[in-house]
Amino acid sequence: MTILVIVTIAVWLLAFLIPSGRYDRDSSGAPIQGTYHRVDSGLSFLDRLNDLFLSPVNGLYGIQDPRTGKVGPDLAGELYGAAGVFLFVLAIGAFITVVFATGALDRGIARLAHRLRDRGALLIAGIMLVFSVLGTVEGFAEETLGFYGLIVPLMLALGYDRMVAVGTIILGAGIGVLCSTVNPFATGVASSAAGISLGDGIVLRFVMWVVLTAVTMAYVIRYARRVRRDPGRSLTGFLPGDRDQRPSEDVPELTGLHKAVLAVMVLVFAFMIFSVVPWSSALTGDAEATPYGFELDWSFPELAALFLCAAVLVGLVARMGEQRLSSTIVQGAADFISPALVIVLARGVTVIMNNAEITDTVLHSIEGVVEDTSSGVFAILVFVVNLPLAFLIPSTSGHATLAMPILAPLADFAGVSRAVVVTAWQSASGWMNLWVPTTAVTIGGVALAKVGYNKYLRFVTPLLGILFVLICVFVALGAVWT
């Protein structure tokens, strides 16, 4: 929270120095190349001060006016704030706490850890691979917030630290999103905005996904083995009780009630994944494909309701009783209020940037940098110059909608395939979202795992350097080959 407050104030101050600007928009809302012009944001000092003051409120339930683009708590338009994710995190807290209160998860984790006590690396690789596949296919990222309650205690029971759990979840899903192959929310939106097919460039993206996923898995497993061999080398240390979760040789059996609770839990998480996958787009590769009849197209409001109902269902299955179940649900939501507030603060930062109208100015500077360069250098520059824009706009679909109409035509002048531009763009977005504090996936994840953000940065920085070099090599080769 302290880091996000500092980031909020820093961005607010920078908005005084970065001039406001705007592109003209076409009928779809995409910026038109060559139309950038300076504008007066119309914000007085008191208006800017009010934006800073209301940033947490706007981060929760700010509404964006479709006419002016401004965000405020009393406007009419679409929800810009993170209210859906906020309630989803609280609902997850209630559900996980109820499951733990039954004793089923503790005992199940103990038995699983006992069976895999000599194959922890295989477990880490398996979880990361699943998350990476979901990330590359349908942008599975924020949904991983629901898995911390399961994976953190599992990793602790195997003798690892909390950072291993964080790396497994954030990096597993994040590397998949970074190397999106048919992800309709990233590659699909960007390809559509660039005027190309979703399948264009898929070979390059698939090879990137294979290589970068393998490198990331090896990085996390290497750290995990080092911590297990020498706990003193842990970057996070261990909280009271963490070391007590290591499995003993005497592991109690699961009762019928425990098995029933675990079955409900597995079904709930499986249903969550099923409900959010855009199956028609993922299976056909067409971002505009007509949804199948069985698709639910659920998002955070429905998922929050799902986990609240699931918490009650688990309580009924475990015969907890009304009073105990009610108090456990309330306690679970209370335990997760900290990561929920962190997510709200992160969204509040983007509101300040949006209202100050500095995003288009950054986009215009990118347009000037990438012009008149060779093909290989052009592709690398597209990746590099999109990094600050990815910080300003953590949403991949929003970032694509803004940047692609500008960058795609520039690729034609550089003699580079537009598919390479899409790959370079999504790599920048994915690389930044592995660590920037304005994304719910990262800042919410470290908060849920009770890991300091500064410690996570120390853990992930070497990997970021490796990925940066590999991405530059891939996009440059892709540009030269085309």
Side-chain angles (χ1 to χ4, degrees), residues 87-117 119-120 122-124 126-127 129-131 134 140 143-158 165 168-169 241-242 244-277 294 296 298 300-336 448-449:
L87 186 57
F88 170 68
V89 170
L90 298 187
I92 281 288
F95 174 72
I96 291 297
T97 303
V98 170
V99 172
F100 268 111
T102 67
L105 192 55
D106 304 70
R107 191 169 294 189
I109 289 173
R111 292 195 62 80
L112 180 62
H114 181 71
R115 289 189 176 186
L116 296 176
R117 61 190 182 277
R119 292 179 289 172
L122 180 62
L123 179 66
I124 294 171
I127 294 173
L129 181 61
V130 170
F131 282 171
L134 292 172
F140 191 81
E143 296 86 349
T144 59
L145 295 173
F147 288 88
Y148 281 88
L150 300 175
I151 295 177
V152 170
L154 177 58
M155 294 303 169
L156 292 174
L158 288 170
T168 300
I169 298 173
D242 280 0
D244 298 335
Q245 298 197 42
R246 298 196 66 175
S248 64
E249 293 299 321
D250 183 21
V251 181
E253 293 290 332
L254 291 172
T255 66
L257 185 147
H258 291 148
K259 292 178 180 178
V261 169
L262 291 176
V264 170
M265 183 190 69
V266 170
L267 288 174
V268 168
F269 277 103
F271 185 76
M272 180 193 79
I273 295 171
F274 168 80
S275 68
V276 300
V277 173
F294 62 83
L296 296 179
W298 278 14
F300 291 109
E302 293 86 358
L303 294 179
L306 169 67
F307 279 101
L308 286 173
C309 292
V312 175
L313 177 60
V314 169
L316 294 176
V317 169
R319 300 188 291 274
M320 294 179 67
E322 180 271 333
Q323 186 174 4
R324 185 185 174 205
L325 175 58
S326 299
S327 60
T328 304
I329 289 176
V330 172
Q331 182 60 49
D335 289 343
F336 278 61
L448 285 168

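Please read all numbers here as calculations on a predicted model, not as lab measurements. Computed from heavy atoms alone, side chains included, the values below leave out hydrogens, waters and symmetry copies.
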Is there side-chain contact between [X] and [Y], with heavy atoms separated by less than 4.5 Å?
{"X": "Phe269", "Y": "Leu150", "answer": "yes"}
{"X": "Phe300", "Y": "Leu145", "answer": "no"}
{"X": "Glu302", "Y": "Leu296", "answer": "no"}
{"X": "Ile124", "Y": "Met155", "answer": "yes"}
{"X": "Leu123", "Y": "Leu154", "answer": "yes"}
{"X": "Val130", "Y": "Leu134", "answer": "yes"}
{"X": "Leu262", "Y": "Arg107", "answer": "no"}

Separation of [Y] [atom2] from [X] [atom1] (nearest 0.5 Å):
{"X": "Leu90", "Y": "Leu308", "atom1": "CG", "atom2": "CG", "result": "8.5 Å"}
{"X": "Ile151", "Y": "Phe131", "atom1": "CD1", "atom2": "CZ", "result": "4.0 Å"}
{"X": "Leu306", "Y": "Phe88", "atom1": "CG", "atom2": "CZ", "result": "9.0 Å"}
{"X": "Leu325", "Y": "Leu313", "atom1": "CG", "atom2": "CG", "result": "10.0 Å"}
{"X": "Leu303", "Y": "Leu87", "atom1": "CG", "atom2": "CG", "result": "10.5 Å"}
{"X": "Phe140", "Y": "Phe147", "atom1": "CZ", "atom2": "CZ", "result": "4.5 Å"}

### Query
Looking only at atom types and distance, does a side-chain atom of Ser275 sit under 3.5 Å from a main-chain N or O of Met272, one as donor and one as acceptor?
yes

### Task
State whether the side chain of Thr97 and the backbone N or O of Ala94 hold a donor-acceptor pair below 3.5 Å, judged by distance alone.
no

Which heavy atom of [X] sits nearest a heavy atom of [Y], and at what distance?
{"X": "Ala101", "Y": "Arg324", "result": "O-NH2, 2.8 Å"}
{"X": "Gly146", "Y": "Ile92", "result": "CA-CD1, 3.5 Å"}
{"X": "Val152", "Y": "Ala449", "result": "CG2-CB, 4.1 Å"}
{"X": "Val317", "Y": "Ala260", "result": "CG1-CB, 3.9 Å"}
{"X": "Leu254", "Y": "Ala104", "result": "CD2-O, 4.3 Å"}
{"X": "Gly149", "Y": "Pro153", "result": "O-CG, 3.2 Å"}

### Query
Considering the options Thr102, Ile96, Val99, which one meets the side chain to side chain contact (heavy atoms under 4.5 Å, CB included) requirement together with Met265?
Val99

